[in-house]
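This report concerns only the one structure given below.
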Amino acid sequence: MTVRVRFAPSPTGELHVGGARTALFNWLFARKHNGVFILRFEDTDIERNRPELIEPILESLRWLGLLWDEGPYFQSQRFALYREWAERLLRENKAYKCYCTPEELEAKRKAALSAKLKPKYDGRCRSLTAQEEQEFLRAGRQPALRIKIPQCGTITVEDAIRGKVEFDFSELDDFIILRSDGRPTYNFAVVVDDITMGITHVIRADEHLNNTPKQILIYQAFGHPVPVFAHVPMVLAKDRSKLSKRHGATAVFEFRDRGVLPEALVNYLARLGWAHGDQEIFSREELIENFSLAAVHPSAAIFDEEKLFWLNQHYLKTGDPKRLGELLRPFLVKLNILSDAEAQAVPIEALKRMVVLFRERAKTLSELAEPACYLLTDNFSYDPEAVKKFLTPDKTELLRGLAEALTSVERFVASEIEGATRAYLESQGRALKEIAQACRVALTGRTTGAGLFETMELMGKDRVIARLRQAGA
RNA sequence: GUCCCCAUCGACUAGUGGCCUAGGUCACGGCCCUUUCAAGGCCGAAACACGGGUUCGAAUCCCGUUGGGGACGCCA
């Protein structure tokens, strides 16, 4: 039987890193077993079916390279199907009409909660007489459909990550499967979908473990075998609470916009809750090759940006300079260094040089693009502290001398520049060490950066000479 | 409140009863390299939540406690 898995997000307008990891595990599992990865939107809440809530999720998955083989399906387009399946349960006397109003139910729920009891439906409509039903109908009430669940016994969830998990029926109640307006509820729609889509493995977040017994009951009502369940642990914030906006970046796009590479995020997310011995760096192929549900660690994991950025730097250091150079363009604009048109016009050669020169100093594409302000433009500022410390009169005099010495360098490349500089310094009885930092400050306005001569080469002769001449002025 | 899940360094984790004086990675500290900053190399500090069992032997199995998380909707 071919493996069929699905990622079933609710359209929220963004793909959360936790959701991204769930999608990744599903995708890896499908690829590993030559299966089918299905995308489905859980939008029984009709409000949610809006393109602006859906498109970012699609785009995030594409950016991560988690392409789906089927779908996207939308529950909002399958209402007729759910109704049909629900009515089948009604006919078979496995479900019944409930005329209680949401207000009545809500009041009971609140009362139970404040009495410190588990809120459960009391089964009031389970055995209404025909006359009682007529009265409700006359009063204009529209019934919802509830499933009948056994009064006692237990149900066992076989979880591929957690093993057997047992629930007592006394914890469950006759829950609603079809709302009074005819729309299905989440638990019902999920099962009808998973059955009709032939899902073999349900890999989803831990928070759904409690829903699983309800869903198994629905499978049983339809006489359908259950799929394999695997509940993956939650992704938490640094303070161990649920990851949310107040913790900073949580969406895939936020990391993309900060200059994180998709392969870094994928690698990081894969290692969050899953491991293969001591290996940290995984190519996509290695991930597929080695992934297994049994190796998923059951406890919740904290999302650690530091480690993500370390991985990101690893991929910056080892990636193809041409590709990375191209990825730099939007960041030149975002950092207000160049206009859109200017950024497009920068020769790829220059971008490649920047990548090679600065990749060991940058954790993100954004950091990698930043030196362009002094390399490609004059649109940068001098750090006053650095100027004060290094651009002292004796140093600036040497720098002006160096400027003249460099005018005679024909091929303005690092090796030639270095030769000319060392020769000049020797003639002055000085060592490179003495002016290196002063030179750097004069050229870049700061005390940190790549090798001096490579920086000069990339900056270009005109800028170098002009900046050295006016050093300290 | 009830139910469910979880528990190894600050973080991610290895570990499936003896290979463990608990390994790797990030972060942290030190040293080396060095024109700066990085990168790199070497070294270091740092954990089996607690209490009972089971066993010749327990991080590993069982029970309890504590702590964290989740669920209890005509939300998904």
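Below, chain A is the first sequence line, B the second, and so on; all start at residue 1. Fair warning: this is a prediction, and the values are worked out from it, not measured in the lab. Note: hydrogens, waters and symmetry copies are ignored here, and every other heavy atom, side chains too, is used.
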- Message: Test: salt bridge (Lys or Arg N to Asp or Glu O under 4.0 Å). Region: residues 94-107 of chain A. Which pairs qualify, not counting sequence neighbours?
- Response: A:E92-A:K94, A:E104-A:R124, A:E104-A:R141, A:E106-A:R109, A:E106-A:K110
- Write out all pairs satisfying salt bridge (Lys or Arg N to Asp or Glu O under 4.0 Å) with one or both partners inside residues 429-446 of chain A, taking only residues at least two apart or from two chains. A:E370-A:R446, A:R430-A:E434
- Item | Sequence neighbours excluded, every pair satisfying salt bridge (Lys or Arg N to Asp or Glu O under 4.0 Å) that has a member inside residues 73-86 of chain A | A:R78-A:D193
- Item | Partner residues of A:E135 under the side chain to side chain donor-acceptor pair (under 3.5 Å) criterion, sequence neighbours left out | none
- Taking atom P of B:C74 as reference, at what distance in whole Å does atom CD1 of A:I147 sit? 14 Å
- Item | Carboxylate-amine/guanidinium contact A:K461 A:E416, below 4.0 Å | no
- Kindly state which residues belonging to residues 355-362 of chain A come within less than 4.0 angstrom of RNA chain B, counting heavy atoms of the residue only, listed by number. A:E360, A:R361
- Item | Distance in angstrom units between A:L399 CG and B:U35 C1', rounded | 13 Å
- Query: Would you call A:K164 and A:D159 a salt bridge, taking side-chain N to carboxylate O under 4.0 Å as the test?
  - Reply: no
- Message: Under the rule for side chain to side chain donor-acceptor pair (under 3.5 Å), what residues qualify as partners of A:R359, not counting sequence neighbours?
- Response: none
- Message: Tell me whether the side-chain N or O atoms of A:T447 pair up with the base of B:C37 as donor and acceptor below 3.5 Å, since no angle test is needed here.
- Response: no
- Cation-aromatic face contact A:R146/A:Y121, 6.0 Å, 45 degrees: yes
- Per nearest nucleotide of RNA chain B, the residue lying toward the 5' end, A:F453 or A:R179, is A:F453
- Query: Applying a 3.5 Å limit to both distances, which nucleotide forms a Watson-Crick or G-U wobble pair with B:G1?
  - Reply: B:C72
- Taken to the nearest whole Å, CG/A:L172 to P/B:C4 is 12 Å
- Message: Counting only Watson-Crick pairs (N1-N3 plus N6-O4 or O6-N4) and G-U wobbles (N1-O2, O6-N3), all under 3.5 Å, who is the partner of B:U21?
- Response: none
- Query: So is A:K214 actually on top of A:F175's ring, under 6.0 Å and inside 45° of the axis?
  - Reply: yes
- Note on the structure: Those residues at least two apart in sequence (or on a different chain) that pass side chain to side chain donor-acceptor pair (under 3.5 Å) with A:N290 are A:H276
- Can you measure from CG (A:L402) to OG1 (A:T396) and round to the nearest 0.5 angstrom? 12.5 Å
- Minimum-distance nucleotide to A:A301 side chain [options: B:U13, B:C5, B:U36]: B:U13
- Message: Just the rounded figure in Å: distance from P of B:C4 to CG of A:L209.
- Response: 10 Å
- Item | Base versus backbone protein contacts along nucleotides 14-33 of chain B [heavy-atom cut-off under 4.0 Å; B, S, -] | S--------BBBSS------
- What's the CD1-P distance between A:I216 and B:C4, to the nearest Å? 15 Å
- Message: Under the salt bridge (Lys or Arg N to Asp or Glu O under 4.0 Å) definition, can you give me all pairs with a residue in residues 298-312 of chain A, not counting sequence neighbours?
- Response: A:K238-A:D304, A:R258-A:E305, A:E280-A:K307
- Contacts to RNA chain B from residues 6-21 of chain A, heavy-atom cutoff under 4.0 Å, which residues? A:S10
- For A:D206, all residues meeting salt bridge (Lys or Arg N to Asp or Glu O under 4.0 Å), sequence neighbours excluded: A:R162
- Are A:F169 and A:F167 near enough that their ring centres are under 6.0 Å apart? no
- Item | Any strand: nucleotide that pairs with B:C50 via Watson-Crick or wobble, under 3.5 Å | B:G64
- Nearest-Å distance for atom pair CG/P, residues A:D174 and B:G73: 13 Å
- Taking a pair to mean Watson-Crick or G-U wobble geometry with both distances below 3.5 Å, B:C28 pairs with B:G44
- Where protein sits on nucleotides 60-72 of chain B, one letter per nucleotide: B base, S sugar-phosphate only, - none, heavy atoms under 4.0 Å: --------SSBSB
